[in-house]
Amino acid sequence: MIIAIVVGLIIGACMVFFIKSKPKDNSVTTTDNQEVSFLKSSIYTLENEKQKLLKKLADNESLLKTIQSSGDTSSNSNDLLKEINKLKDEIEDMEDSIDDLEAKNKKIRSEKNEIEENLNNIEKENRELLTTKEDLSIKLATKVREAEKDNKSLTFVNSILNANNASDKDMEELDRKTWEIYSFISNSVYDCLKNHTDEAENLGYYAWDWRNTEKKTWIKNKKVVAIVGEFSAGKTSIVNRILSQDDPDALLLPTSSKETTAIPTYISKSKDFNCQFYSPDGDLRTIKKETFEMVTKSVLDKVNVSHLIKYFVLSYNNKHLDNISILDTPGFGSNSDEIIKRTTDVVKEAHALFWVIDINAGDLNQTSIKVMKDHLNGVPLYFIINKTDGKSPDDIEKMKEHIKKTAFDNDIQFKDIISFHKDEKVEVLMKYINEIQIEEQPPLMRYILDELNSWIKKKEKEKNDLRKERKEIDDTIDIRDDNFNFIKNEISSSADTIERLVKINF
Ligand SMILES: Nc1nc2c(ncn2[C@@H]2O[C@H](COP(=O)(O)OP(=O)(O)OP(=O)(O)O)[C@@H](O)[C@H]2O)c(=O)[nH]1
Ligand SMILES: [Mg+2]
């Protein structure tokens with residue numbers, strides 16, 4: 001009876017367990033394992049119970065045999081027989097239960113295998129989906145970056161197109177006066193000279209150039225120093241060093257380890273900070289500093305702004321910029337032809353060039369050498385060996401020797417080689433800049449007047465030559481007149497003589 005209760009409890013518990021523990025999520029395998037081990041332990045318990053019953057049965061059967069062999073036919077042996085039959089029934093029931101549980105176990109194991117297989121498939125799909133998701137995320141991030149870049153490019157171009165003319169009272173006055181002089185030269189002076197000299201045609205162009213130069217206050221009467229070189233050599237960082245050493249709040253120019261500076265940028269002195277750009281048409285326009293900060297080569301790689309901007313002009317109240325204008329330029333890198341043109345066009349206005357070389361780059365490359373020879377010949381040249389932080393004096397000396405040799409081999413004249421790095425005092429560099437002597441170029445207006453004077457002198461000389469020639473001709477005519485009169489007199493006296501002789505003889 002007790003055994004029947006035990007079996008009943010086990011089977012009941014199994015059923016409750018199966019119902020309650022049906023898998024709901026992906027903890028399927030864990031649940032199945034629990035089920036299987038629960039079933040196993042139930043089967044084990046039943047087997048134990050069955051062994052106990054079998055033992056009891058064997059004991060009862062042997063007792064029955066003993067009773068029967070003693071000839072005892074009392075009710076004891078009948079009771080024992082009943083007990084034995086009951087035990088047999090219980091054992092049979094238990095075996096059925098064990099068979100049931102084993103069948104269930106088998107079924108669960110096969111279900112478990114099936115579920116595990118499904119799980120593996122799902123995990124595989126999951127992994128594939130994750131890879132696809134990662135790919136998509138990378139593509140999306142690239143697209144977002146591109147869209148941001150496009151957005152920046154458009155915002156930048158929009159700000160440039162809407163920039164206002166940079167004019168204060170002094171600028172307006174300068175503009176008006178230079179316009180009056182230009183108009184006078186290209187109309188009145190031209191009208192006077194047009195029938196006398198071919199040069200008259202060019203006067204208007206000269207006057208226009210003169211006007212533009214007078215209006216470029218950032219370079220007029222200043223020593224212009226251009227910083228040039230390959231990309232990422234540290235050119236802009238040098239300019240930033242000059243701007244920030246004494247003014248930590250100064251607006252710095254963008255720098256990075258990628259190609260950065262896209263448009264030549266002048267920095268010069270003024271009372272207040274100004275951010276402007278100079279257009280190819282000769283207009284100076286003001287922009288916000290945020291617009292300037294936005295511009296790097298990567299932002300401008302899809303839009304060509306060279307027809308809108310020739311260069312930027314930033315003005316700072318910085319003592320290092322007294323009488324000096326510094327030109328930061330795009331480095332020569334991937335899109336060299338365009339950059340070389342944009343840079344060398346502007347660099348021609350410089351009084352000296354500082355060619356920056358990253359000490360880690362090893363040497364000047366062929367593009368640099370070609371640019372120096374083809375475009376910048378004649379402008380005083382200094383080399384800056386940059387990024388020397390962490391380098392030994394020996395390394396720096398070796399690099400200097402290397403550059404000297406390359407310059408000599410390529411017939412490149414240079415003034416000096418300076419070593420520098422981002423934490424160096426700017427005075428190291430300013431010493432060289434301050435020593436640069438600039439030949440005072442005759443102002444363009446003086447050039448025009450000189451042209452006119454030389455034309456007047458030429459014409460006076462021509463007039464004098466003509467006068468001299470006329471005098472020589474007059475003298476010749478006089479001599480010829482004299483000769484002619486002499487001959488005429490001779491002829492007439494000869495004719496008289498002949499006439500007289502004829503009369504006498506006939
Ligand atoms: N170690 C070291 N790194 C420097 C130094 N100067 C600049 N750099 C780093 O070099 C990288 C390029 O600097 P930039 O100033 O942008 O170089 P750039 O010549 O103006 O480059 P482009 O505008 O692309 O032509 C940046 O990551 C700077 O931080 C220096 O003296 N030492
Ligand atoms: Mg730069």
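Keep in mind the model is a prediction, meaning the values are calculated, not measured. Each ligand, and each atom within it, is numbered from 1 in the order the structure gives.
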* **4.5 Å side-chain heavy-atom contact, Asp247 and Tyr316** => no

Contact region, Pro254 to ligand 1, non-hydrogen atoms below 4.0 Å, reads neither

Below 3.5 Å, N or O to N or O, backbone or side chain included: is there any such pair between Asp328 and ligand 1? no

The reported gap from CZ in Phe414 to NZ in Lys404 (rounded to nearest 0.5 angstrom) is 6.5 Å

Note: ligand 1 atoms sitting under 4.0 Å from heavy atoms of His421 are 31 (O)

A student checking ligand 1 against Ser257 at a 4.0 Å heavy-atom cut-off should list atoms 27 (O)

Of all protein heavy atoms, the one nearest atom 19 (O) of ligand 1 is Lys235 NZ, 2.7 Å

query = N/O to N/O below 3.5 Å, does that happen between Thr260 and ligand 1?
reply = yes

Exercise for review: Would you please determine whether Lys258 falls within less than 4.0 Å of ligand 1 on a heavy-atom basis?
Suggested key: yes

Closest to atom 31 (O) of ligand 1 by heavy-atom distance, out of Glu424, Lys422, Lys391, is Lys422

For Glu293 and Pro254 the tightest heavy-atom approach is O-CG, 3.9 Å

Nitrogen or oxygen atoms of Asp389 and ligand 1 under 3.5 Å apart = yes

(message) I'd like to check Ile412 versus Trp355 (side-chain heavy atoms, cut-off strictly below 4.5 Å). Are they in contact?
(response) no

Looking only at protein heavy atoms, what sits closest to atom 22 (P) of ligand 1 is Ser232 N, 3.6 Å

Should we count CZ of Arg470 as having more than 12 external heavy atoms under 6.0 Å? no

What I'd like to find out is whether the side chain of Phe184 reaches to under 4.5 Å of the side chain of Glu180, using heavy atoms alone. no

**Message:** Any nitrogen or oxygen of Lys387 lying under 3.5 Å from a nitrogen or oxygen in ligand 1? Just yes or no.
**Reply:** yes

So, do Tyr182 and Trp179 have ring centers that fall under 6.0 Å from each other? yes

inquiry  = Checking the N or O distance criterion of under 3.5 Å, is ligand 1 in contact with Pro330?
reply    = no

Fill in: the Mg ion (ligand 2) to nearest N/O/S of Ser237 below 2.8 Å
no

> What's the verdict on side-chain contact (heavy atoms from CB on, under 4.5 Å) for Ile267 and Val239, showing C-alpha distance, side-chain angles and the deciding distance?
Replying inline: CA-CA 8 Å; Ile267 56 163; Val239 174; 3.3 Å; yes

In this structure, atom 20 (O) of ligand 1 is nearest to the protein heavy atom Thr236 OG1, 2.8 Å

With only distance considered, is Glu259 within less than 3.5 Å of ligand 1 through an N or O on each side?
-> no

Exercise. Kindly confirm or rule out an N or O of Gly234 lying under 3.5 angstrom from an N or O of ligand 1.
Key: yes

Exercise. Look at the rings of Phe354 and Tyr382 and say which category their plane angle falls in: under 30° parallel, 30 to 60° tilted, over 60° perpendicular.
Key: parallel

| message | If we ignore hydrogens and angles and just use 3.5 Å, is the side chain of Asn317 paired with the main-chain N or O of Asp272 as donor and acceptor? | response | no

*Residue pair Ser306 / Asn304, side-chain donor-acceptor N/O under 3.5 Å*: yes

(request) Indicate whether the side chain of Thr132 and that of Asp135 have a donor and an acceptor atom separated by less than 3.5 Å. (result) no

The option among Gly331, Ser256, Ser237 carrying the non-hydrogen atom nearest to atom 11 (C) of ligand 1 is Ser256

Q. So is there a nitrogen or oxygen of Thr329 less than 3.5 Å from a nitrogen or oxygen in ligand 1?
A. no

Does the shortest distance from the Mg ion (ligand 2) to an N/O/S atom of Ser232 fall below 2.8 Å?
no

